[in-house]
Amino acid sequence: MEFNEAKKIMDQKLGDWKIMALASCVDNYPMVRNVSCIFYNDKIYFKTDKNFRKTQQLFQNNRVAMCFNGVQVEGIAKNLGLVVDEEGRTFEKKYKEYLWQSYNAYSHVDTEILIEVTPQFVEIWDEDENRKAFQLFIDFNTKEVTYKPYD
């Protein structure tokens with residue numbers, strides 16, 4: 001399987017937005033929590049308050065893992081600053097469209113920052129059209145893909 005085909009499977013499973021589990025770790029202290037994610041530009045975006053524990057942890061260690069329904073993403077998190085300062089305000093527009101309730105409740109807060117996660121490695125558990133399980137491993141750095149069927 002080629003990289004673009006594997007990435008297409010990932011994109012289809014994730015869609016435009018999802019609530020994903022975000023895992024981070026500092027000083028051997030792991031944390032997992034849910035974040036509301038928007039997908040565009042081949043990256044994952046979420047907003048959070050710059051004062052939250054998870055955010056402080058990301059400032060210390062930007063390596064994260066995220067998971068939703070059989071798709072695990074390992075990547076690098078980057079603070080892009082205030083949500084309202086993003087050029088073109090793409091995140092804000094998409095967040096408003098897909099997650100109106102959260103947008104309406106929190107977007108006015110001036111401590112809300114935008115986090116961008118660049119995928120490094122993705123593992124997908126899924127089934128083919130015959131309900132046979134498989135794993136798909138996508139290395140975004142090397143563009144290598146491994147397909148592992150289970151009988």
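Excluded from the calculations below are hydrogen atoms, water molecules and symmetry mates; all remaining heavy atoms, backbone and side chain alike, are included. In this chain, numbering begins with 1 at the start of the sequence shown.
With rounding to the nearest 0.5 Å, the separation of CZ in R53 from OG1 in T48 is 12.0 Å. Residue N69 holds its CG atom at 13.5 Å from CH2 of W125, rounded to the nearest 0.5 Å. Interatomic distance, F46 CZ to C37 SG, rounded to the nearest 0.5 Å: 6.5 Å. Atoms CD and OG1, from Q60 and T55 in turn, are 11.5 Å apart once rounded to the nearest 0.5 Å. Rounding to the nearest 0.5 angstrom, the gap separating the CD1 atom in I9 from the CG atom in L14 is 12.0 Å. Note that CG of N41 and CD1 of I44 are 12.5 Å apart. Values are rounded to the nearest 0.5 Å.
No side-chain donor-acceptor contact under 3.5 Å links D128 and N130. Counted by atom type alone, R33 and S24 present one or more donor-acceptor pairs between their side chains at under 3.5 Å.
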Let me have the donor-acceptor pairs involving side chains of residues 83-90, under 3.5 Å, with sequence neighbours excluded, atom names and distances please.
{"unit_1": "E86", "atom_1": "OE1", "unit_2": "T90", "atom_2": "N", "d": "3.3"}
{"unit_1": "E86", "atom_1": "OE1", "unit_2": "F91", "atom_2": "N", "d": "2.8"}
{"unit_1": "E86", "atom_1": "OE2", "unit_2": "Y40", "atom_2": "OH", "d": "2.7"}
{"unit_1": "R89", "atom_1": "NE", "unit_2": "E92", "atom_2": "OE1", "d": "2.4"}
{"unit_1": "R89", "atom_1": "NH2", "unit_2": "E92", "atom_2": "OE1", "d": "2.9"}
{"unit_1": "R89", "atom_1": "NH2", "unit_2": "E92", "atom_2": "OE2", "d": "3.1"}

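With a 4.5 Å cut-off on side-chain heavy atoms, F121 and I138 do not count as touching. Using a 4.5 Å heavy-atom cutoff, the side chains of E112 and D49 are in contact. Taking the side chain as every heavy atom from C-beta outward, K13 and F68 never approach each other to under 4.5 Å. At least one side-chain heavy atom of L136 sits less than 4.5 Å from a side-chain heavy atom of V145. Proximity of K7 to D42: side-chain heavy atoms (C-beta onward) are separated by under 4.5 Å at one or more points. Here the side chains of Y147 and M1 are in contact, with some heavy-atom distance below 4.5 Å. Side-chain contact between V35 and I19 is absent, with no heavy-atom pair separated by less than 4.5 Å.
Between Y95 and S36, the shortest heavy-atom contact is OH-CB, 3.7 Å. Across every non-hydrogen atom of P30 and C25, the tightest pair is N-SG, 3.8 Å. Heavy atoms only, all atoms of each residue included: N34 and K54 are closest at O-NZ, 4.3 Å. Residue G81 comes nearest to N79 through the heavy atom pair N-OD1, 2.7 Å, listed as atom of the first residue, atom of the second, then distance.
In this structure a side-chain-to-backbone donor-acceptor pair under 3.5 Å is present from N61 to R63. For E74 (side chain) and M66 (main-chain N/O), no donor-acceptor pair under 3.5 Å exists by modelled atom type.
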*From CA spacing to verdict: side-chain contact (heavy atoms from CB on, under 4.5 Å), V122, V71*: CA-CA 7 Å; V122 173; V71 178; 4.1 Å; yes
*Show your working on side-chain contact (heavy atoms from CB on, under 4.5 Å) between K47 and I115 and close with a plain yes or no.*
CA-CA 6 Å; K47 69 180 183 70; I115 303 294; over 6 Å; no
_Determine whether F140 and F3 satisfy the following criterion, side-chain contact (heavy atoms from CB on, under 4.5 Å), listing intermediate values before the conclusion._
CA-CA 8 Å; F140 278 72; F3 176 80; 3.8 Å; yes
*Begin from the C-alpha positions of V64 and V117 and carry the test side-chain contact (heavy atoms from CB on, under 4.5 Å) through to its verdict.*
CA-CA 8 Å; V64 298; V117 176; 3.9 Å; yes
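No option in K148, Q135, Q72 other than Q135 meets the side-chain hydrogen bond (donor to acceptor under 3.5 Å, both in side chains) test with E123.
Under the 4.0 Å criterion applied to side-chain N and carboxylate O atoms, D139 and K143 are not assigned as salt-bridge partners. D16 has no carboxylate O lying under 4.0 Å from a charged side-chain N of K94, or vice versa, which leaves the two without a salt bridge.
Here A23 pairs with V32, A65 under the side chain to side chain contact (heavy atoms under 4.5 Å, CB included) rule; sequence neighbours left out.
Annotation: W17 is not in aromatic contact with Y45 [ring centroid separation under 6.0 Å not met].
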